[in-house]
Protein chains: 2
Amino acid sequence: MIDCAACPLHKRPMFLPFTPEEIVFMRGFKVSEDTFQPGDTLLHQGERSDRLFTVLDGFATRSIQLEDGRRQVVNFVFPGDFLGLQAGIMGEMRHSVQATTPMRVCVFQRSRLWDLFRDKPDRAYDLTWIAAVEEHFLGETIATLGQRDATERVAWALARIWQRLSALGLGTTEGVQLPFRQHELADALGLSAVHTSRTVSTLREMGLVAWKRGKLNMLDPQRLFTLAGLPMEREEQRPLI
Amino acid sequence: MIDCAACPLHKRPMFLPFTPEEIVFMRGFKVSEDTFQPGDTLLHQGERSDRLFTVLDGFATRSIQLEDGRRQVVNFVFPGDFLGLQAGIMGEMRHSVQATTPMRVCVFQRSRLWDLFRDKPDRAYDLTWIAAVEEHFLGETIATLGQRDATERVAWALARIWQRLSALGLGTTEGVQLPFRQHELADALGLSAVHTSRTVSTLREMGLVAWKRGKLNMLDPQRLFTLAGLPMEREEQRPLI
DNA sequence: TTACAAACTTAACGCATGTTAATGCGGTCC
DNA sequence: GGACCGCATTAACATGCGTTAAGTTTGTAA
């Protein structure tokens with residue numbers, strides 16, 4: 001089990017470093033590690049979970065299953081993301097989390113979440129910070145699904161994913177390895193898989209992106225971000241739990 | 001200024017009561033009250049705000065403005081809702097809050113938010129609870145916008161609003177007073193105002209609801225909730241900040 | 001009582017996107 | 001090498017929703 005002082009996530013510049021005090025606390029808070037394979041469900045919609053996770057490595061989707069089987073991907077999960085707050089705070093997950101690649105996660109105990117609030121207000125503040133940022137992204141997603149057409153939506157999703165992967169240091173001059181399939185992108189954007197394919201082709205023809213066999217390349221980031229309605233800023237550093 | 005011990009919101013059974021200790025703390029935390037008129041903007045997208053609010057009375061929308069003027073209503077604001085967490089935690093609002101009726105709000109100081117985490121872990125926990133519930137509703141909204149057709153969307157929105165107003169004790173046998181216009185509903189659901197009108201008519205013809213001159217009546221709640229993909233449960237009690 | 005504005009309704013038409021189905025293409029297993 | 005499988009692409013057609021524009025209704029103020 002990796003010691004929190006040697007946490008590989010902290011090598012990524014997008015995360016705020018731990019103070020020595022935080023390291024001590026997190027060592028006590030962390031229970032174990034676990035791994036998952038593509039397709040595994042880490043957290044089940046409708047169920048409680050005694051375990052909370054921080055993603056060390058790998059990718060996943062958060063998704064909501066409707067009564068009749070339709071599926072909405074609420075957002076994508078990246079290394080550093082904290083999973084299970086809903087189960088931790090509200091008792092029951094309202095969405096599922098499913099691995100799309102092999103994953104490695106840190107495991108925490110739900111029952112000790114209250115300790116964190118009682119003993120470590122700064123960590124509690126960070127947790128709320130994370131929740132607030134999450135809320136902001138969900139709001140942006142709602143605006144995208146509600147107001148933008150297919151081209152803008154796909155541009156938005158690719159831009160956001162690329163931005164996040166780059167911040168994680170997973171980009172090369174050869175482009176980034178996209179850990180999601182077109183079908184998942186479609187489920188995230190409220191589009192059919194067929195129309196998503198058409199739309200990606202359009203972006204290709206417009207000379208904005210190249211996306212082939214899981215490799216995404218930005219040919220014209222400026223124009224892509226404009227189309228997506230996003231500023232080309234670097235993401236703010238975020239705390240880790 | 002209303003004393004927190006006499007807070008009118010706590011008369012509503014949907015809110016958890018304050019402990020005597022909490023009353024003492026909230027009296028110190030609350031700075032003042034303020035009122036707003038329909039159309040007033042309480043919090044501005046892109047701006048910081050030194051003030052956080054709890055809605056005592058009245059209704060509002062949270063909405064995101066796109067570069068080109070399109071508007072997405074992210075959700076509706078009801079009495080008891082806490083406003084400004086984003087500005088409080090992240091620094092800058094990513095959406096605006098606009099009154100749709102006259103409003104009365106409690107005012108808190110952003111600079112004292114940290115005190116709350118340091119001195120009152122139970123209140124901090126409640127705040128995070130609120131953020132987690134908010135996150136859950138936003139996820140449900142994303143699923144609705146992404147997967148459901150116009151009829152289901154309108155049914156969902158009316159069901160959720162009716163549910164909330166009922167929980168607040170604002171329903172009578174004559175139905176509830178809807179504080180939002182069809183145009184705002186359209187902006188919340190990613191539909192045009194015209195199609196929203198058509199769709200409401202459909203629901204009327206199906207004998208599910210009556211909505212005329214701001215009065216909403218549920219003619220067949222069971223079927224409406226089924227169409228909306230919602231269980232007909234009472235909402236959980238929630239804490240107030 | 002009339003006039004006017006705001007909100008809602010209805011109708012006609014076009015287009016973006018969904019659906020179904022066939023095709024292609026790279027990876028993998030034997 | 002051949003057969004298969006998952007995934008992406010392309011084409012043909014259907015449809016739900018947007019758009020524009022013309023009513024209608026209600027509230028309000030002169």
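None of the values given here were measured: they were computed from a predicted structure. Here is how names work: the chains are called A, B, and so on, in the same order as the sequence lines, proteins then strands, and each is numbered from 1.
At a threshold of 4.0 angstrom between heavy atoms, the contacts of B/R153 with the nucleic acid are absent.
Between A/R70 atom CZ and C/dG18 atom C1' there is a gap of 13 Å when expressed in whole angstrom units. If you measure from atom CG of A/L145 to atom P of C/dA16, you get 19 Å, rounded to the nearest angstrom. Across the protein-nucleic acid pair, B/L203 atom CG and C/dT9 atom C1' stand 15 Å apart, rounded to whole Å. If you take NE2 of B/H195 and C1' of D/dT20, they are 16 Å apart, rounded to a whole angstrom. We find that CD of B/Q147 is positioned 10 Å from P of C/dG18, with the value rounded to whole Å. Rounded to whole Å, the distance from CZ on A/R213 to P on C/dT28 is 12 Å.
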Pairs under 3.5 Å (N/O, protein and nucleotides 10-13 of chain D):
from: D/dA12; atom 1: N6; to: A/R198; atom 2: NH1; distance (Å): 3.4

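Heavy atoms only, all atoms of each residue included: B/L145 and B/L189 are closest at CD2-O, 3.3 Å.
Between A/A150 and A/K212, the residue anchored nearer the 5' end of DNA chain C, judged by the nucleotide with its closest heavy atom, is A/A150.
For the segment residues 175-193 of chain A, residues with any heavy atom less than 4.0 angstrom from an atom of DNA chain D are, sorted by number, A/R181, A/Q182, A/H183.
Outside the 6.0 Å centre-distance limit, the rings of B/F59 and B/F76 are not counted as a close aromatic pair.
We find that A/R70 and B/E152 are joined by a salt bridge, their nearest charged nitrogen and carboxylate oxygen being less than 4.0 Å apart. Under the 4.0 Å criterion applied to side-chain N and carboxylate O atoms, B/R104 and B/D34 are not assigned as salt-bridge partners. Under 4.0 Å is where a charged nitrogen must lie from a carboxylate oxygen, and between B/R198 and B/E205 no such pair does. Between A/E235 and A/R238, at least one side-chain nitrogen of the basic residue sits less than 4.0 Å from a carboxylate oxygen of the acidic one, meeting the salt-bridge criterion. Taking the charged nitrogens against the carboxylate oxygens, B/E47 and B/R94 have no contact shorter than 4.0 Å, which rules out a salt bridge.
In this structure, a donor-acceptor pair under 3.5 Å is present between the side chains of A/W156 and A/E140. Side-chain contact check for A/D187 and B/Q147: no donor-acceptor pair (N or O, by modelled atom type) lies under 3.5 Å.
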